[in-house]
There are 2 protein chains.
Amino acid sequence: MNDSALPRQASETRDRILDAAEALFVEHGLEATSMRMITGRANANLAAVNYHFGSKDALIQEVFRRRLTELNRQRLAALDRLEAEAQGAPLKPSRIVEAFFGTALALAADTEHGGHTFMRLLGRTYTEPNAFVRQFLAEEYAEVLERFLGALYRALADVPREEILWRFHFMMGAMSYAIAGTDALQLFAGTFDDADPQRLMPRLMSFLLGGLRAPLPVFNAARDAAEDAAAA
Amino acid sequence: MNDSALPRQASETRDRILDAAEALFVEHGLEATSMRMITGRANANLAAVNYHFGSKDALIQEVFRRRLTELNRQRLAALDRLEAEAQGAPLKPSRIVEAFFGTALALAADTEHGGHTFMRLLGRTYTEPNAFVRQFLAEEYAEVLERFLGALYRALADVPREEILWRFHFMMGAMSYAIAGTDALQLFAGTFDDADPQRLMPRLMSFLLGGLRAPLPVFNAARDAAEDAAAA
DNA sequence: AATCAATTCAAACGTCTGTTTGAATCATAC
DNA sequence: GTATGATTCAAACAGACGTTTGAATTGATT
């Protein structure tokens with residue numbers, strides 16, 4: 001019995017494959033990562049992926065699922081805590097935003113257990129064209145988004161829901177780039193002297209809250225667009 | 001002589017291939033789009049891509065180059081105009097942001113000539129793992145980023161450059177998601193009643209400027225992170 | 001009408017892809 | 001020790017990939 005020595009084995013090979021796949025997906029993308037690359041890095045036989053997961057698509061799904069389920073569980077727990085403390089009163093928008101994006105940033109700051117790797121992967125996958133991946137993400141996010149958007153609607157009762165929805169969307173974009181940009185994107189040549197992940201959190205929070213609280217846009221007539229076009 | 005009838009032919013097949021590739025890259029991604037898909041859609045022979053461009057990688061590069069060069073030319077022209085009007089005085093940050101992101105949004109609003117398609121593609125390509133695509137984008141953006149960041153540094157002389165750089169990065173993320181989200185991302189199930197691209201511009205501008213002008217973050221000791229972790 | 005370069009075409013190239021197979025190996029239970 | 005189920009393994013599968021080839025076709029120039 002090795003139950004006392006090891007917490008649980010649950011196929012050690014399976015986990016090695018998941019870790020290898022996660023790292024390679026970040027490095028090369030989903031499509032460009034082959035089964036042979038994965039099993040090679042995981043020191044496993046080529047057939048092991050199909051044995052343990054059934055297919056490459058199922059493996060991709062499991063790579064996301066194992067982390068995303070936990071992340072979203074933490075997010076919901078944080079929101080539950082806020083609502084319990086508030087005792088029915090509307091929440092502060094800043095606390096809601098912190099609960100959602102702070103939880104993700106905390107995971108991104110964890111370089112020990114692959115959290116950072118995964119968040120880089122997740123950030124770019126929101127815009128992944130692959131149909132079944134998008135479908136899967138939408139399902140994983142359904143409950144969390146419903147809860148958090150609902151909380152924001154209540155917290156900002158005077159703001160049109162359409163605007164809140166868009167701003168939440170903008171916030172997700174800013175966060176994704178924030179995480180990707182800490183090491184992936186080098187558009188800004190030779191810059192980011194201060195890429196301390198410890199400081200990313202307050203930096204991003206300030207930005208997100210500033211955007212969320214910004215004055216509502218005023219929609220002028222369609223003439224504006226015509227003028228802009230003519231001026232160019 | 002058909003010079004009078006046609007403005008320029010410059011290989012009609014070549015253009016059909018570029019258009020087909022652009023559309024397919026958005027739909028399936030760079031890697032998942034095959035040469036046979038491209039030439040099939042363009043009604044061209046399989047060998048036409050290698051004849052006109054040399055390789056698939058060179059085709060990818062040209063798909064981005066033909067639009068990005070023009071976009072960044074317009075951006076620089078807009079900045080030139082602002083600086084000429086200001087006559088040496090520092091620019092308003094909002095005008096700088098408008099010059100950069102407004103120009104991109106205007107291209108994204110052009111559904112007639114493929115501008116919209118391209119901007120969706122561009123948004124997701126910033127986080128593309130493919131090495132040579134990233135290298136190419138960095139080169140294409142070098143001058144524009146230097147000019148715009150310089151203008152923002154002067155316009156916000158009291159803000160640490162590090163913060164400006166990060167916030168510019170956040171803004172790029174928000175914009176990318178904004179464009180992708182108008183039709184690609186359906187994380188937010190059944191929503192976006194009002195996805196009018198005419199209104200996206202003021203919506204995004206409000207958010208971006210709110211984020212840019214947000215109070216600067218305060219960096220507490222590393223204790224904060226430890227507390228957060230302990231509370232969870 | 002002949003010439004020439006540009007372009008198109010069908011066919012094939014070797015390589016890589018995800019998946020399947022059936023036998024070998026392992027660890028555990030009887 | 002022997003049977004049993006889980007796992008690993010080397011090998012092969014058919015199909016798709018990007019690229020190359022050499023001949024056929026085109027359209028304008030001499």
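Convention: sequence-line order gives letters A, B, ...; per-chain numbering from 1.
We find that OH of A:Y51 is positioned 17 Å from P of C:dG22, with the value rounded to whole Å. Atom P of nucleotide D:dT7 and atom CZ of A:R16 are separated by 13 Å, given to the nearest angstrom. Across the protein-nucleic acid pair, B:N43 atom CG and C:dT8 atom C1' stand 13 Å apart, rounded to whole Å. Whole-Å rounding puts the A:H52 NE2 to D:dC9 P distance at 10 Å. A straight line from CZ of B:R14 to P of C:dT8 spans 12 Å, rounded to a whole angstrom.
Residues passing the side chain to side chain donor-acceptor pair (under 3.5 Å) test with A:E98, sequence neighbours excluded: none. Annotation: side chain to side chain donor-acceptor pair (under 3.5 Å) contacts of A:D80 (sequence neighbours excluded): A:R147. Remark: A:R73 pairs with A:E70 by the side chain to side chain donor-acceptor pair (under 3.5 Å) rule, at least two apart or across chains. Applying the side-chain contact (heavy atoms from CB on, under 4.5 Å) criterion to A:A99, with sequence neighbours excluded, gives A:A78, A:L82, A:F148.
For the segment residues 17-29 of chain B, the set of residues with a heavy atom within less than 4.0 Å of an atom of DNA chain C is empty.
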- Task: For nucleotides 15-20 of chain C, just jot down a letter per nucleotide in 5' to 3' order: B, S or -, based on protein non-hydrogen atoms under 4.0 Å.
- Result: --BBBB

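Between B:F118 and B:F64, the two ring planes are perpendicular [angle over 60°; tilted spans 30° to 60°]. In this pair, B:F100 and B:Y141 present their aromatic rings tilted. The plane angle is within the 30 to 60° band.
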- Task: Please lay out, stage by stage, how B:Y126 and B:S176 fare under the test side chain to side chain donor-acceptor pair (under 3.5 Å).
- Result: CA-CA 9 Å; B:Y126 290 128; B:S176 294; 5.8 Å; no

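In terms of phosphate contacts, A:T13 brings a side-chain nitrogen or oxygen within less than 4.0 Å of OP1 or OP2 of D:dT8.
Using modelled atom types, one side-chain atom of B:R16 and one backbone atom of B:N43 make a donor-acceptor pair closer than 3.5 Å.
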